[in-house]
Amino acid sequence: MKKRVAIFISGGGSNMVRLVEDMQSGDHAGEPVLVLANGADAGGLKKAQEMGVATAVVDHRPFKGNRPAFEAALQAELDKVSPDILCLAGFMRVLTEGFVAPWDGKMLNIHPSLLPKYKGLHTHARALEAGDREHGCTVHLVTPALDDGPILGQANVPVLDGDTAETLATRVLAQEHRLYPAVLRRFAGGDTSLIRL
Ligand code: GAR
């Protein structure tokens, strides 16, 4: 039996596309069962539909000030497809312990920094500001603390002279596209050993 994989996105969903493509390429222990966005304008929704994956939207805006209700709506969409694994892929809403706890050990996130460095936003600008010569991305298991939790994989990206946050982000994203599918492929097969690219 394949592991059923749901993916949460907020934007263009380029990481989601790479995960779905890898699962659909055969010889993978996971299958994509849902792509969910927190806004109907997320560009990744159309891409998921084109790849034949079911989509759902739970707009966070009507839930302003009531995060538990937003999270209950997210969980209700998940309950319809009974996923075994939940991948956050550029999902830009913070999830509270109430949502995260039942997914303990089953929810992955990709973050554009070498965690534990630069949790939160603006990771590329912060790496440049600090004068780092190495930057990168991390896939980790999600725990209630933001961008925390056991690390499953990391890919390094050298910082080059003249890099801007944008040029660095582009090169980090290219590594994200290699790292996340590699980690999910192993994770779905029951292997949680660390991957370094
Ligand atoms: C990626 O760089 C991802 O690491 C980042 O958003 C981008 C999403 O791109 N995630 C975060 O910053 C999470 N806090 P995508 O929609 O093209 O996959």
Side-chain angles (χ1 to χ4, degrees), residues 5-24 32 34-51 53 55-60 67 70-71 74 85-96 99-100 103 107-129 132 134-157 159 163-185 187 195 197:
V5 179
I7 305 170
F8 281 7
I9 62 170
S10 291
S14 69
N15 276 293
M16 172 277 295
V17 169
R18 298 308 176 103
L19 295 178
V20 170
E21 279 175 353
D22 196 42
M23 285 187 271
Q24 291 181 338
L34 179 70
V35 170
L36 180 149
N38 61 302
D41 53 348
L45 289 169
K46 189 163 172 277
K47 295 177 196 164
Q49 286 156 9
E50 284 167 1
M51 292 187 291
V53 183
T55 60
V57 175
V58 178
D59 192 332
H60 65 277
R67 212 178 275 271
F70 171 60
E71 293 181 344
L74 293 175
I85 296 171
L86 173 54
C87 291
L88 307 182
F91 187 65
M92 302 307 280
R93 308 304 300 172
V94 171
L95 297 168
T96 69
F99 182 87
V100 171
W103 286 96
M107 195 195 317
L108 277 53
N109 180 44
I110 187 150
H111 184 73
S113 78
L114 293 174
L115 290 173
K117 280 187 159 185
Y118 314 128
K119 298 175 181 182
L121 299 176
H122 311 300
T123 57
H124 311 301
R126 287 157 69 199
L128 286 175
E129 213 162 281
D132 291 358
E134 284 267 78
H135 186 44
C137 50
T138 303
V139 176
H140 64 97
L141 280 165
V142 176
T143 56
L146 181 71
D147 299 329
D148 210 23
I151 290 174
L152 298 174
Q154 285 190 315
N156 288 44
V157 173
V159 179
D163 256 337
T164 63
E166 289 71 32
T167 59
L168 196 48
T170 301
R171 294 207 313 288
V172 170
L173 191 61
Q175 286 295 82
E176 293 182 40
H177 293 164
R178 296 178 59 223
L179 180 67
Y180 210 173
V183 171
L184 178 61
R185 177 172 275 272
F187 186 79
I195 298 179
L197 295 185

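Excluded from the calculations below are hydrogen atoms, water molecules and symmetry mates; all remaining heavy atoms, backbone and side chain alike, are included. One-based numbering, in listed order, for ligands and for the atoms of each.
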Is Asp163 salt-bridged to Arg171, cutoff N-O under 4.0 Å?
yes
The single option from Val139, Thr143, Val142, Thr138 passing side chain to side chain contact (heavy atoms under 4.5 Å, CB included) against Asn109:
Val142
Taking N or O atoms only and a 3.5 Å limit, does Met92 qualify as a polar contact for ligand 1?
no
Measure the distances from the heavy atoms of Ile9 to every atom of ligand 1 and state whether one is below 4.0 angstrom.
no
d(Leu95 CG, Leu74 CG) to nearest 0.5 Å is 6.5 Å
Classify the contact between Leu173 and ligand 1 as side chain, backbone, both or neither, using a heavy-atom distance cut-off of under 4.0 Å.
side chain
Donor-acceptor check, side chain of His111 to backbone of Tyr118, threshold 3.5 angstrom: yes or no?
yes
Under 4.0 Å between a side-chain nitrogen and a carboxylate oxygen: does that hold for Glu50 and Lys46?
yes
shortest atom 17 (O) of ligand 1-to-protein heavy-atom contact is with Ser14 OG, 2.6 Å
N/O to N/O below 3.5 Å, does that happen between Asn109 and ligand 1?
no
Would Glu176 count as being in polar contact with ligand 1, using the rule that some N or O on each side must be under 3.5 angstrom apart?
yes
Subset of ligand 1 atoms that lie under 4.0 Å from at least one heavy atom of Gly90:
6 (O), 8 (C), 10 (N)
